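In what follows, a single structure is set out as structure tokens and then discussed.
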Amino acid sequence: MMFAFSWFMLPAAFVLDYLLADPQYPLHPIRIMGRAVTRAERVFRGLSLSPFSAGLLFALSLILGAWVAAALILVVAAAVSPVLAGAVNILMIYFCVSARSLENEAAAIRKSLVAGRLEDAKNTLAMIVGRDVDPLDESGVSRAAVETVAENLVDGVISPIFYAAVGGAPMAVAFKMVSTLDSMVGYKDEDYFYFGKAAARIDDIANFIPARISVFIISLAAFLLFRSGSDALSVAKKDRRRHSSPNAGYPEAAFSGALSVQLGGPNYYQGELVDKPYIGEGLGRARPLHIEKACRLMMLSSILFIMLACLAMIISPPVLP
């Protein structure tokens, strides 16, 4: 049974995300992925393998399982009706995109800061970042929020849309499992240094191309919004590698130049100060206004990338089993 994956499914999924954001209910597919990761970890840690080998098998099994499950659901839907298959495709991609939820969280942080409720802003920020939030002042909270918006533009929009355009909803779902694995086990602490290393490296590989594409998309959006496209390109070229992640530095550096704000720098993690280089060193300090501008930049970048992906699909549409 074959069904066509059409270009219009990408903007349809994005519109759904914009209208509905991320509904909070137990059977949300991403929460099901999280529970699968937790249960599978216990099983694979019990294997008579080295921690790295067990973690590699664990990650590959879950990623392949996510792709197979999504593909089977679509095959069944296509057997019932092509319209149903199209609707299921759109829903699956919608579940993999998280632009509106990211915008809402960032907007809540900005609102608290503007109202002078720094502790409320920190509490909201703590739910979406891994750094310690207690030492942060208003500028530190603003900087962390802008960095999160920049990094998650790739993880939450560009990468899932990229993989949906390449291989339909099953590829987007497989990428979302990669991202979920990285967020849950891709740590460098004692428990996950070896077991989670494969998951972290797979996430690096999966985001490699989307992160680099993002620089040009962000720069175009920055030109249209703030006439700062050349600054986004310039800082990205100079500082894209000034980040511990091989990918996150690309969108963060582009946002730094686009908004003329200094990002990166030292942060506390679990009570320990980690010295990190600055991105856009010498630019202005982050303020609540930059959070709002970062959200606008993220949304327009998302729309521009979806337009590009649709154009690519019109030229060469994928047909999936």
Side-chain angles (χ1 to χ4, degrees), residues 9-44 58-74 77 87-106 108 124-130 148-149 151-187 192 196 198-200 202-207 210 247-248 298-299 302 305-306:
M9 296 176 184
L10 300 181
F14 184 78
V15 169
L16 269 184
D17 175 71
Y18 187 80
L19 294 175
L20 303 178
D22 186 14
Q24 304 293 316
Y25 58 90
L27 293 181
H28 191 292
I30 308 307
R31 289 166 182 76
I32 293 174
M33 286 185 184
R35 290 195 291 271
V37 170
T38 300
R39 293 173 183 174
E41 180 181 348
R42 293 195 292 266
V43 173
F44 282 88
F58 158 77
L60 292 177
S61 298
L62 284 167
I63 295 165
L64 178 61
W67 185 91
V68 169
L72 287 176
I73 290 170
L74 284 172
V88 172
N89 254 305
I90 292 170
L91 282 174
M92 284 186 177
I93 299 169
Y94 152 62
F95 286 129
C96 296
V97 174
S98 56
R100 187 58 188 272
S101 293
L102 177 61
E103 181 186 43
N104 289 344
E105 289 163 348
T124 304
L125 180 66
M127 294 187 291
I128 58 175
V129 300
T148 300
V149 170
E151 184 174 352
N152 284 282
L153 167 63
V154 174
D155 289 338
V157 183
I158 292 181
S159 285
I161 293 296
F162 174 84
Y163 286 105
V166 170
M171 281 283 281
V173 171
F175 168 78
K176 201 64 181 180
M177 177 58 83
V178 170
S179 182
T180 301
L181 281 164
D182 180 61
S183 66
M184 293 182 69
V185 305
Y187 300 109
Y192 290 104
I202 292 170
D203 183 76
D204 290 341
I205 294 168
N207 283 302
N247 298 316
M298 181 267 295
M299 278 296 184
S302 300
F305 182 73
I306 289 171

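No experiment lies behind these values; they were computed from the predicted model shown.
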Rounded to the nearest 0.5 Å, what separates atom CE in M177 from atom CE in M184?
9.5 Å
Under 3.5 Å, is there a donor on one side chain and an acceptor on the other for S179 and D155?
no
Checking N152 against M298 for the side-chain contact (heavy atoms from CB on, under 4.5 Å) test, could you report, in this order, the C-alpha distance in whole Å, the side-chain angles of both residues, the deciding distance, and whether it holds?
CA-CA 9 Å; N152 284 282; M298 181 267 295; over 6 Å; no
P210 and S159: which non-hydrogen atoms are nearest, and at how many Å?
CB-OG, 3.2 Å
So which atom in A66 and which in A174 form the shortest heavy-atom distance, rounded to 0.1 Å?
CB-CA, 4.4 Å
Measuring only between side-chain heavy atoms, which start at C-beta, is V97 closer than 4.5 Å to I161?
yes
Can you tell if the side chain of E105 reaches within under 4.5 Å of the side chain of M127, non-hydrogen atoms only?
no
Minimum heavy-atom separation for N247 and D203, please, with both atom names.
ND2-O, 4.3 Å
Tell me, with the steps shown, if F175 and N207 meet side-chain contact (heavy atoms from CB on, under 4.5 Å).
CA-CA 9 Å; F175 168 78; N207 283 302; 3.5 Å; yes
Taking side chain as C-beta onward, heavy atoms only, is I202 less than 4.5 Å from L181?
no
Rounded to the nearest 0.5 Å, how far does CE of M33 lie from OG1 of T180?
5.5 Å
Please tabulate, one pair per line, all N/O donor-acceptor pairs under 3.5 Å involving side-chain atoms of residues 10-23, not counting sequence neighbours.
| from | atom 1 | to | atom 2 | distance (Å) |
| --- | --- | --- | --- | --- |
| D17 | OD2 | A99 | N | 3.2 |
| D17 | OD2 | R100 | N | 2.9 |
| D22 | OD1 | H28 | NE2 | 2.7 |

Where is the tightest heavy-atom contact between P160 and C96, given as atom of each residue plus distance?
CG-O, 3.6 Å
Among pairs that include at least one residue of residues 167-176, which meet side-chain hydrogen bond (donor to acceptor under 3.5 Å, both in side chains), considering only residues two or more places apart or in two chains?
none
Any side-chain heavy-atom pair from S302 and L153 closer than 4.5 angstrom?
yes
How long is the gap from CG on L64 to CH2 on W67, to the nearest 0.5 Å?
8.0 Å
Hits for side-chain hydrogen bond (donor to acceptor under 3.5 Å, both in side chains) against D204, two or more places apart or cross-chain, chain-then-number order -> R201
Residue pair V68, L72: steps toward the side-chain contact (heavy atoms from CB on, under 4.5 Å) verdict:
CA-CA 6 Å; V68 169; L72 287 176; 3.8 Å; yes
Closest approach of E151 and A248, non-hydrogen atoms and distance?
CD-CB, 3.8 Å
Test your reading of the model: is there a side-chain donor-acceptor pair from S61 to the backbone of F58, 3.5 Å cut-off?
no
R35 atom CZ, over 12 foreign heavy atoms within 6.0 Å
yes
Between L74 and A169, what is the shortest heavy-atom contact and its length?
CD1-CB, 4.1 Å
